Asks: 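I'd like to ask some things about the structure below.
Order of the sequence lines fixes the chain letters, A, B, ..., with proteins taken first and strands second; residue numbering starts at 1 for each chain. Just so you know, these numbers come straight off a predicted model, no measurement behind them.
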Protein chains: 2
Amino acid sequence: MMADDHTEAEALEPEARPADPRAEAFQGVREARRNELAEDYVELIAELIHEHGEARPVDIATKMGVTAPTVAKTLGRLARDGLITRAKYRSVFLTEEGRALARECQQRHEIVLRFLLSLGLDPETAERDAEGIEHHVSERTLALFAAFADRS
Amino acid sequence: MMADDHTEAEALEPEARPADPRAEAFQGVREARRNELAEDYVELIAELIHEHGEARPVDIATKMGVTAPTVAKTLGRLARDGLITRAKYRSVFLTEEGRALARECQQRHEIVLRFLLSLGLDPETAERDAEGIEHHVSERTLALFAAFADRS
DNA sequence: GATGATTATTAGCCTTGTCTAACTTGTCGC
DNA sequence: GCGACAAGTTAGACAAGGCTAATAATCATC
Ligand SMILES: [Mn+2]
Ligand SMILES: [Mn+2]
Ligand SMILES: [Mn+2]
Ligand SMILES: [Mn+2]
């Protein structure tokens with residue numbers, strides 16, 4: 001009875017569920033998906049503030065291509081999550097955390113965009129693809145993209 | 001009065017909503033998001049059928065890293081959308097449409113993966129990033145990725 | 001061919017993210 | 001300061017995609 005050899009085949013991962021390598025990849029993608037919208041919003045809000053001095057829901061709605069109530073509800077979640085502050089009927093501000101995330105997203109967006117352009121892609125397609133790809137690029141990949149774009 | 005020059009600044013897009021160029025990009029990304037899960041499922045189902053002769057919900061759940069009821073509900077949507085057929089308590093089959101989509105997704109996945117590897121990324125990270133990036137790569141970008149990977 | 005383990009389904013809950021319709025507030029011109 | 005119009009909010013619907021708990025069917029295996 002000493003030791004145990006293979007009481008249960010395996011039982012040591014502190015992971016949830018089996019942790020098939022493939023499953024881990026999918027879980028990572030799902031995790032990334034959960035943050036996509038917040039990332040796009042704070043990035044856009046930072047940009048609006050930079051360009052117009054303020055971020056109004058109506059402009060967010062126009063740029064995002066959604067309706068005003070959709071923006072309102074999303075802003076509610078962002079506020080709940082500590083990324084923005086807002087007062088009723090006023091424009092939106094980023095918290096320190098929101099600003100940090102925005103900065104990060106802007107840099108990442110710019111690197112992905114420059115990378116695609118340096119590959120020879122046309123600007124419109126590059127912008128569209130970058131908008132989706134940016135949320136699924138690891139730090140490591142981002143570094144490779146940056147290096148490639150620089151040494152293009 | 002002939003012609004019209006600029007009666008209304010612009011009013012010709014058959015698009016919904018203003019169609020700010022940015023908004024178009026975001027709408028494209030949202031569109032892509034709607035297909036991500038279906039793409040991952042049919043790709044995985046094709047792979048399971050190829051490797052084990054059949055695609056059982058339990059194996060889909062393991063590989064996707066989700067629970068069995070989640071798989072069941074998703075398979076319901078895939079069947080409704082004409083990508084798979086299934087009978088109660090039996091394993092799943094792809095329709096012709098599902099097979100076509102699976103082929104496309106497998107090829108695209110493979111190109112994105114090879115591209116990331118040829119950039120110098122380690123296999124684990126490459127696999128994880130490819131799983132997310134693949135759904136946001138346009139035909140044009142995919143062609144550039146393939147060319148780069150080949151001529152690496 | 002009974003029975004226990006594995007697999008699949010169903011029911012029901014929750015959050016996110018989208019919409020429309022209706023209402024409220026703010027702003028700007030006069 | 002009033003009234004219109006623009007902007008914002010609220011209410012409520014709906015689909016997707018995740019979960020747990022409970023139930024049902026299938027399959028091994030003896
Ligand atoms: Mn984006
Ligand atoms: Mn972006
Ligand atoms: Mn994928
Ligand atoms: Mn894939």
Side-chain angles (χ1 to χ4, degrees), chain A residues 8-9 15-18 23 26-42 44-45 48 52-81 83-93 131-132 135, chain B residues 15-18 23 26-42 44-45 48 52-81 83-93 131-132 135:
Chain A
E8 205 49 57
E15 308 281 293
R17 251 184 293 283
F26 282 123
Q27 282 166 346
V29 174
R30 282 197 297 275
E31 166 70 18
R33 266 172 211 162
R34 268 197 299 279
N35 304 314
E36 283 184 75
L37 202 62
E39 290 173 354
D40 284 337
Y41 267 74
V42 297
L44 175 56
I45 289 167
L48 288 171
H52 302 119
E54 63 176 351
R56 300 185 312 160
V58 66
D59 294 325
I60 297 173
T62 300
K63 297 280 188 191
M64 291 290 301
V66 296
T67 61
T70 295
V71 169
K73 203 175 277 190
T74 303
L75 292 179
R77 287 193 297 270
L78 296 182
R80 180 201 61 192
D81 296 342
L83 295 171
I84 65 168
T85 58
R86 60 186 190 138
K88 263 197 177 184
Y89 296 99
R90 319 308 295 255
S91 52
V92 176
F93 297 93
E131 200 56 78
H135 310 283
Chain B
E15 308 282 294
R17 251 187 291 285
F26 282 124
Q27 281 166 346
V29 173
R30 283 198 296 276
E31 167 68 19
R33 267 173 211 160
R34 269 197 297 281
N35 304 314
E36 282 184 77
L37 202 62
E39 291 173 354
D40 285 336
Y41 267 73
V42 296
L44 174 57
I45 289 167
L48 287 171
H52 302 120
E54 64 176 350
R56 300 185 311 161
V58 66
D59 293 324
I60 298 173
T62 300
K63 297 281 187 189
M64 292 289 302
V66 297
T67 60
T70 294
V71 169
K73 202 177 278 192
T74 303
L75 292 179
R77 286 192 296 271
L78 296 182
R80 180 202 60 190
D81 297 343
L83 295 170
I84 65 169
T85 58
R86 60 186 191 139
K88 265 196 175 188
Y89 296 98
R90 318 311 293 258
S91 50
V92 176
F93 298 93
E131 200 56 76
H135 311 282

Asks: Roughly how many Å is it from CD1 in A:I60 to P in D:dA6, rounded to a whole number?
Replies: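 The answer, rounded to whole Å, is 20 Å.
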
Asks: Can you tell me if A:R56 touches the phosphate of D:dG8, counting only side-chain N or O atoms and a distance under 4.0 Å to OP1 or OP2?
Replies: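 Checking D:dG8 against A:R56, no side-chain N or O comes under 4.0 Å of OP1 or OP2.
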
Asks: Toward the 5' end of DNA chain C, which comes first, A:P69 or A:Y89, by nearest nucleotide?
Replies: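 By nearest-heavy-atom nucleotide position, the 5'-most residue is A:P69.
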
Asks: Whole-Å distance between C:dC19 P and A:M64 CE?
Replies: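 For the pair A:M64 CE and C:dC19 P, the rounded distance is 10 Å.
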
Asks: Hey, does the side chain of B:R34 come within less than 4.0 Å of D:dA16's phosphate (OP1/OP2), counting only N and O?
Replies: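 For D:dA16, neither OP1 nor OP2 has a side-chain N or O of B:R34 closer than 4.0 Å.
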
Asks: So which heavy atom on A:S91 is nearest to which on A:A55, and how close?
Replies: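 Minimum heavy-atom contact is CB-O, 3.0 Å.
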
Asks: In terms of side-chain heavy atoms of A:R80, which of C:dC19, D:dT9, C:dT16 is nearest?
Replies: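 So the nucleotide nearest the side chain must be C:dT16.
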
Asks: Within this structure, what is the CZ-to-C1' distance between A:R86 and D:dT9, rounded to whole angstrom?
Replies: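 Value for this atom pair: 9 Å.
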
Asks: To the nearest 0.5 angstrom, please state how far the CG atom of A:L78 sits from the CD1 atom of A:I45.
Replies: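 Going from the CG atom of A:L78 to the CD1 atom of A:I45 covers 6.0 Å.
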
Asks: Is A:K88 touching bases, backbone alone, or none of the nucleic acid, heavy atoms closer than 4.0 Å?
Replies: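 Counting heavy atoms under 4.0 Å across all strands, the contact made by A:K88 is with sugar-phosphate only.
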
Asks: Measuring from A:I84:CD1 to A:Y41:OH, what's the distance to the nearest 0.5 Å?
Replies: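 It comes to 9.5 Å.
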
Asks: Measure from OH on B:Y41 to P on D:dG18 and round the result to the nearest Å.
Replies: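 Checked: the OH to P distance equals 6 Å.
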
Asks: At less than 4.0 Å, is any side-chain N or O atom of B:R30 found next to OP1 or OP2 of D:dA16? Yes or no.
Replies: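 Negative; the distance criterion is not met.
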
Asks: Taking B:D81 first and then B:R34, would you say they form a salt bridge - that is, a charged N and a carboxylate O separated by under 4.0 Å?
Replies: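 Result for this pair is no, no salt bridge flagged.
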
Asks: Please report the distance, rounded to the nearest Å, between CG in B:L37 and P in C:dT16.
Replies: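 In whole Å, C:dT16 P lies 18 Å from B:L37 CG.
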
Asks: So which nucleotide from C:dT18, D:dG8, C:dA8 ends up closest to the side chain of A:V58?
Replies: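 Output: D:dG8.
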
Asks: Check the distance between D:dG8's P and A:R90's CZ and give it to me in whole angstrom.
Replies: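 Atom-to-atom, A:R90 to D:dG8, this comes out as 11 Å.
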
Asks: By nearest heavy atom, map A:P57 and A:R33 onto DNA chain D; which one lands nearer the 5' end?
Replies: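 Nearest-nucleotide comparison on DNA chain D picks A:P57.
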
Asks: Side chain of A:K73, heavy atoms from C-beta onward: which of D:dT20, D:dG18, D:dA13 has the nearest atom to it?
Replies: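 Given the options D:dT20, D:dG18, D:dA13, the side chain of A:K73 is closest to D:dA13.
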
Asks: Could you state the CD-P distance from A:E36 to C:dT18, rounded to the nearest angstrom?
Replies: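 Rounding to the nearest Å, CD of A:E36 and P of C:dT18 are 11 Å apart.
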
Asks: What's B:R77 touching, base or sugar-phosphate or nothing? Going by heavy atoms closer than 4.0 Å.
Replies: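 Touches a base.
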
Asks: Given D:dG17, is OP1 or OP2 found less than 4.0 Å from the side-chain N or O atoms of B:T70?
Replies: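 So the side-chain polar atoms of B:T70 never come under 4.0 Å of the phosphate oxygens OP1 or OP2 of D:dG17.
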
Asks: Taking CD from B:Q27 and C1' from C:dG17, how many angstroms apart are they, rounded to a whole number?
Replies: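 Between C1' of C:dG17 and CD of B:Q27: 15 Å.
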
Asks: Shortest non-hydrogen contact from A:F26 to B:K63?
Replies: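 Of all heavy-atom pairs spanning A:F26 and B:K63, the closest is CD1-O, 3.3 Å.
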
